[in-house]
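Report on the structure given below.
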Amino acid sequence: MPRSPERGWLRPILTFAIFAAFLFVVWEGLKFVGGDPWRTETWIWEPPLEIWFASDLLLPHVWDIVGALAAPVQRGSDESLAQFLAGAAFYTWREAAIGFLLGATIGIGLAALFVHSKLMERALVPYVIASQTIPIIALAPMIVFAFGPNVLSVVIIATYLTFFPVTIAMISGLRSPDPRALELMRSYAASRWSVFWKVRMPASLPYLFTALKISATASIVGAIVGEGPGGIPNGLGRAIINFNSQYISGPEKLWATIVACAILGIAFFTLIRIAELAALRGRGLRTEAA
Amino acid sequence: MTDSSQPTSVVRVSGVDKQFTVGHGVTTALDGIDLEIGRGEFVSLIGPSGCGKSTLLRLIGDLTAPTAGSVEVNGKTAHAARRGREYGMVFQAPVLFEWRSVSDNVKLPLELLGMDRSERDARAREMLALVELSDFASHHPYQLSGGMQQRVAIARALALQPSILLMDEPFGALDEMTRERMNTEVLRIWQQTGTTIVFVTHSIPEAVFLSTRVAVMSARPGRITHIVDVALPQPRNEETREDPRYFRHVTEVREALRSGGALGAEPALVSEERMAAEGGIG
Amino acid sequence: MTAAAPSVGIPLPPRPGRLLRMGRTVRYYVPAIAVFIGVIVLWELAVRGFGMQAFILPAPSAIGAALVENWGAGRWPLFEAARVTLFEAVGGLLIGTTVGLIVAFGIARWATARDAVLPFAIAANAIPIIAIAPIFNAWFGITNPLSKMMIAALLVFFPIMINVTRGLTQVEPSALELMRSYAASDWEVLRKLRLPNALPYFLTALKVATTLSLIGAIVGEYFGGASNVIGRVVVQSASALRFDVTWAAILLGAITGIAFYLAIVALERVLIPWHSTVRGEHPG
């Protein structure tokens with residue numbers, strides 16, 4: 001039965017909002033039933049049970065987290081936590097973006113190499129795959145040692161996490177064009193360069209964007225992981241390390257930082273999604289959920 | 001054209017209209033279709049792109065519903081006939097499940113019917129023998145040629161031994177020689193099983209070769225403009241293709257198409273892919 | 001759904017004998033093996049010949065020696081460490097896969113579920129593991145393997161969920177019509193069409209998930225864990241400046257990850273021999 005393809009943009013947002021509200025109720029509900037005592041000016045509530053992860057230390061109240069965002073980042077500072085995190089997130093994002101672009105370029109380059117040379121593919125693809133089995137957090141100190149405690153090391157780490165999904169996706173993508181289209185180009189005696197730009201690259205764009213969405217979040221994770229050993233003072237990585245060591249005295253700050261990381265990830269992902277919709281407009285492809 | 005006291009009428013389409021909402025407008029795919037198909041007939045629907053022949057087939061198969069009018073199959077509504085699994089359908093693409101062997105693909109409708117295992121095995125063997133693919137029972141679709149995959153699709157469509165077989169340009173993707181071979185196959189199967197067949201095609205020679213009657217349709221809106229009775233003797237074979245009567249019928253159909261406005265019709269106002277996505281226009 | 005077919009449908013010739021096929025597989029991997037040997041040799045020469053900083057990057061021979069020395073005994077028994085880490089990874093894989101599957105089925109079935117859950121799943125995926133690890137360690141107990149399993153599970157959840165959802169929903173429309181022509185119920189469509197269709201997607205995600213689960217376990221260990229696990233060995237040996245052992249531990253972690261991945265590849269061969277990835281048309 002024919003059905004209109006768009007279900008409207010309002011309904012998904014409403015559904016998400018309702019679900020978020022539901023999660024809020026569950027979160028606070030668990031604390032209500034089994035957390036630490038709730039104290040206000042006039043009234044104390046003692047939860048009847050004891051749920052081990054619902055204590056204020058392990059699961060701060062949602063409003064405390066929000067409140068911490070508005071409060072100064074440190075005693076005596078006139079910058080709020082929210083402002084601080086926004087700045088840190090932007091700083092991290094810039095490192096991640098450079099790593100993202102580099103990783104994407106390397107990924108496309110490697111895939112192009114593999115598509116044109118089966119020998120190189122057979123020789124190197126196992127190592128491309130194996131590279132992802134090495135936990136970057138173990139390699140990070142070594143990279144910092146080799147390249148110095150600076151942004152370069154962070155960018156290298158971000159690139160390392162980004163290039164893999166792009167390589168794998170582009171290998172499939174560059175090979176995806178209809179063999180008949182390739183034959184057509186051969187009948188024009190087209191050079192491999194023209195074939196690459198006029199046929200293979202356009203055909204691989206859907207695959208590329210699927211990988212870029214994964215790489216966007218991976219580059220952010222890489223940047224954050226690298227900032228610690230890299231000694232970068234301004235990014236989310238340092239914020240996480242600091243607030244982690246201060247956890248006992250103020251768990252809300254670490255949680256707020258986690259929220260900031262998540263928002264950064266979603267924002268970058270959405271950016272890529274918008275680029276995807278623009279680049280793939282008019283192809284009539286079903287762009288899937290994520 | 002219609003005789004409402006026809007006792008052996010298997011498909012009865014009465015006053016059927018079908019409209020699609022495309023963008024902001026409404027397109028009439030079919031307008032006032034009346035058609036009766038008797039038991040054991042082989043009826044082809046032929047017409048230019050956009051004439052609604054595939055839509056008509058899908059209306060008979062209850063894969064879409066008419067905007068007006070009714071479709072009766074075996075004396076019940078098309079919907080009830082589909083629920084009762086009374087027809088088999090062959091699409092233009094074989095639509096085999098790539099994870100099932102040839103034999104398991106044929107067994108799919110039998111599983112859905114709840115047939116028990118030994119019966120399923122026996123019936124599948126029978127069907128594969130009918131389409132002459134017994135040697136390939138444990139192969140997978142990717143190992144078969146396009147023509148062979150379509151034969152598996154036909155075996156599957158016949159597995160429930162339906163009284164009606166609906167075929168939507170099943171050989172459109174095949175080359176001419178394979179297509180002619182498949183035509184002979186279909187005729188042989190038709191004669192062996194006595195199934196009523198409704199066949200959509202855009203090939204005039206194919207329509208004439210296979211059918212007892214050819215319904216010629218015109219486009220926009222889709223209507224049946226002529227019905228050509230094909231009075232060629234059975235069984236038909238390669239020699240039939242060289243029979244002068246065959247050529248006369250082909251010419252008859254071609255002229256019917258032309259006078260229905262088929263050749264030189266206006267260009268489509270809406271893309272075919274869009275209409276196909278909305279629910280299928282032949 | 002049915003892949004491009006050969007133009008002639010004669011019965012295929014019998015498959016070449018087992019020995020011949022094995023020979024072909026070996027020859028396929030020769031270039032990779034050559035690269036491996038080449039890099040090892042160059043590395044060894046560079047460390048010896050140029051006296052490169054053996055500090056951070058020891059010679060392969062030194063790493064190999066550390067691996068052998070510490071395999072079963074010594075301050076950091078590597079085999080035992082790998083075993084425990086693998087155990088955590090497998091546990092995390094099971095948990096993450098189960099939850100991922102449940103959510104995937106929910107999302108595929110109800111569009112409302114999709115709208116509600118998907119943004120959270122994307123957000124969860126964007127949170128770097130080093131932020132979550134301390135919290136999970138606090139929740140489940142630093143020395144409890146469960147905390148590492150949960151970290152691994154979190155990493156595993158997203159690729160599994162996304163891929164299985166795709167596999168369940170991206171079904172060829174003509175196949176759905178075919179099932180409708182048989183008046184098949186939603187349940188039958190799920191069992192006979194969506195599930196088999198989703199299997200290759202699931203296995204692809206599983207390949208990614210195995211490496212992620214191991215990484216999750218090791219990263220979790222970084223932040224604290226029982227003493228003899230790969231992550232702790234890395235941290236402790238590095239602070240003791242025994243980088244040969246550090247690299248040996250990393251190597252062992254990588255080898256375990258690769259073996260885990262190859263196990264899924266073997267599983268693919270058994271479960272979906274008809275699929276194009278197994279027939280050898282694409283790499284991994």
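Order of the sequence lines sets the chain letters (A, B, ...), proteins ahead of strands, with each chain counted from 1.
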- request: Taking the side chain as every heavy atom from C-beta outward, state whether C:I272 and B:W99 have any pair of such atoms under 4.5 Å apart.
  value: no
- request: Measure distances from B:R83 to the heavy atoms of chain C and classify the residue's part below 4.5 Å as side chain, backbone, both or neither.
  value: both
Minimum heavy-atom distance B:F97-C:A175, with the two atoms named: CE1-CB, 4.1 Å
message: Could you tell me if the side chain of C:S181 sits less than 4.5 Å from the side chain of B:Y87, heavy atoms only?
response: yes
task: Count the heavy atoms belonging to other residues, nucleotides or ligands that lie under 6.0 Å from CZ of C:F120, then report whether that count exceeds 12.
output: yes
field: Contact class of B:D175 relative to chain C, heavy atoms under 4.5 angstrom
entry: neither
- prompt: Are any non-hydrogen side-chain atoms of B:L108 and C:Y182 less than 4.5 angstrom apart?
  reply: yes
message: For the CG atom of B:L112 and the CE atom of C:M179, what is their distance to the nearest 0.5 Å?
response: 5.0 Å
field: C:R180 versus B:R82, closest heavy-atom pair with distance
entry: O-NH1, 2.7 Å
task: Could you pull out the closest heavy-atom pair between C:L178 and B:V95, with the gap in Å?
output: CD2-O, 3.9 Å
- request: List in chain and number order the residues that pass salt bridge (charged side-chain N to carboxylate O under 4.0 Å, His left out) with B:R120, two or more places apart in sequence or in another chain; answer none if no residue qualifies.
  value: none
- line: For B:F91 and C:E177, the nearest pair of non-hydrogen atoms, with its separation, is CE2-OE1, 3.5 Å
- line: Of the listed B:H140, B:R100, B:R85, the one with the largest count of heavy-atom pairs under 4.5 Å with chain C is B:R85
